Amino acid sequence: MAPSTSRPNTVIRNSLRGAPVTSAITAICIVVFLITALQARSITDVVWDSPLGSAMILWGPLVEGLGYLRPLTAGFLHLDITHLFLNMLMLVFVGAEVERYVGSGPYAVGYLASVLGSSGAVLAFNFATPTAGASGALYALMAMLVAIALRRSVDLRAPLALIAVNVAYTLMATNVSFWGHAGGLVFGALMAWPLTPQSMRTRWVGALAGLALGTAAVWAATLPLSAPVY
């Protein structure tokens with residue numbers, strides 16, 4: 001019998017080749033999880049017994065913990081080991097593909113914009129529910145993958161099927177953020193075409209416009225929270 005040449009770590013390394021931003025985001029999420037797990041002394045419930053986790057998680061009253069940074073920091077926080085594993089697996093394979101096509105700089109800005117866009121939807125429609133995870137940004141990346149397939153004139157069935165399966169999961173599963181996923185998908189669809197033309201300058205403009213739009217979405221969603229009460 002011949003030894004396998006496709007070990008999981010080799011597959012992951014090959015997938016991350018040429019994707020330094022995706023590698024960095026993955027590493028940050030893992031480090032954050034390790035810290036929160038050590039603080040909480042658990043790998044299945046790492047947020048509320050962790051000072052870092054409770055400071056980073058997203059929920060409407062942005063007055064505690066990291067305050068108005070939480071719409072961003074929540075995208076790097078995961079609730080348990082399964083949550084982390086599934087999101088990082090998706091990030092490694094989808095995010096790296098998008099990064100190699102778009103370019104690391106615009107991709108980094110677009111990723112942060114996607115986190116904010118997803119968080120803005122959560123704050124607008126479900127602000128009192130604590131929410132965390134990279135999945136909102138991952139839904140945005142799936143929308144970008146469709147645009148990349150269109151640009152390459154290749155079969156759209158695979159990226160569309162990926163979106164369909166994940167949307168079905170969102171609708172059927174419990175304890176997932178519908179608005180986080182929906183907001184990420186819609187936001188990614190808005191950014192997908194401006195982020196994928198041949199012109200690198202246009203990609204940068206699209207990414208920065210997306211970041212401005214994501215910031216505006218969070219700001220608009222939090223206006224009712226800061227409005228004076230008479």
Side-chain angles (χ1 to χ4, degrees), residues 11-12 14-30 58 71-78 83-122 131-152 154-170 176-197 203-204 206-211 213-214 217:
V11 173
I12 290 172
N14 289 339
S15 180
L16 288 173
R17 187 171 298 161
V21 175
T22 300
S23 301
I25 294 169
T26 304
I28 291 170
C29 290
I30 292 172
L58 175 68
L72 187 61
T73 60
F76 298 87
L77 173 70
H78 292 83
H83 190 208
L84 175 74
F85 175 77
L86 293 176
N87 278 353
M88 293 306 96
L89 189 66
M90 181 75 75
L91 178 61
V92 164
F93 292 106
V94 176
E97 182 67 21
V98 174
E99 180 179 355
R100 281 190 289 268
Y101 186 92
V102 171
S104 294
Y107 169 81
V109 176
Y111 187 90
L112 296 179
S114 300
V115 173
L116 291 175
S118 172
S119 293
V122 172
T131 306
S135 52
L138 296 178
Y139 273 73
L141 294 180
M142 286 188 278
M144 296 174 199
L145 204 60
V146 173
I148 291 170
L150 283 169
R151 296 285 191 187
R152 288 172 168 169
V154 300
D155 195 340
L156 292 176
R157 285 178 292 182
L160 289 176
L162 182 65
I163 291 175
V165 168
N166 280 276
V167 168
Y169 169 76
T170 297
V176 299
S177 174
F178 171 82
W179 290 111
H181 292 180
L185 184 60
V186 170
F187 201 81
L190 291 174
M191 286 200 305
W193 205 247
L195 266 178
T196 56
R203 294 179 190 180
W204 271 108
L208 292 170
L211 185 61
L213 182 61

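Given the structure is predicted, the values throughout are model-derived calculations rather than measurements.
A side-chain donor-acceptor contact under 3.5 Å links H78 to the backbone of A134.
N166 is listed as a side-chain neighbour of M90, based on a closest heavy-atom distance under 4.5 Å. Contact of the I163 side chain with the L185 side chain is registered, since non-hydrogen atoms from C-beta on lie closer than 4.5 Å. Side-chain contact between S118 and H181 is absent, with no heavy-atom pair separated by less than 4.5 Å. No side-chain heavy atom of P159 sits under 4.5 Å from any side-chain heavy atom of M142. Contact annotation: the side chain of C29 approaches that of L84 to within less than 4.5 Å [non-hydrogen atoms, C-beta and beyond]. Put simply, the side chain of Y111 reaches to within 4.5 Å of the side chain of L91, judged on heavy atoms. Contact annotation: the side chain of L195 approaches that of M144 to within less than 4.5 Å [non-hydrogen atoms, C-beta and beyond]. Taking the side chain as every heavy atom from C-beta outward, F187 and L116 never approach each other to under 4.5 Å.
Contact detail for W193 and R151: the closest heavy-atom pair is O-NH2, 2.9 Å. Here the shortest heavy-atom pairing between R203 and Y101 reads NH1-O, 2.7 Å. The two atoms that bring N87 and S135 nearest to each other are ND2-N, 3.5 Å, heavy atoms only. Counting all heavy atoms, side chain and backbone alike, P106 lies closest to A207 at O-CB, 3.5 Å. Taking all atoms of both residues into account, the shortest heavy-atom contact from V122 to S177 is CG2-OG, 3.7 Å. Scanning both residues, H83 and A132, for their nearest heavy atoms gives CE1-O, 3.3 Å.
Rounded to the nearest 0.5 angstrom, M88 CE and L138 CG are separated by 6.5 Å. A distance of 13.0 Å separates CZ in F76 from CD1 in I30, rounded to the nearest 0.5 Å. The OG1 atom of T73 sits 8.0 Å away from atom CG of L58, with the distance rounded to the nearest 0.5 Å.
For CZ of R152, the number of neighbouring non-hydrogen atoms (other residues, nucleotides, ligands) closer than 6.0 Å is greater than 12.
Every pair passing salt bridge (charged side-chain N to carboxylate O under 4.0 Å, His left out) that includes a residue from residues 100-121 is listed here, sequence neighbours excluded: E97-R100.
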Quick one, T170 with Y139, criterion side-chain contact (heavy atoms from CB on, under 4.5 Å). Give me CA distance, side-chain angles, the key distance, then yes/no. CA-CA 11 Å; T170 297; Y139 273 73; 2.6 Å; yes

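For the side-chain contact (heavy atoms from CB on, under 4.5 Å) criterion with L145, the lone passing option out of L156, V98, L150 is V98.
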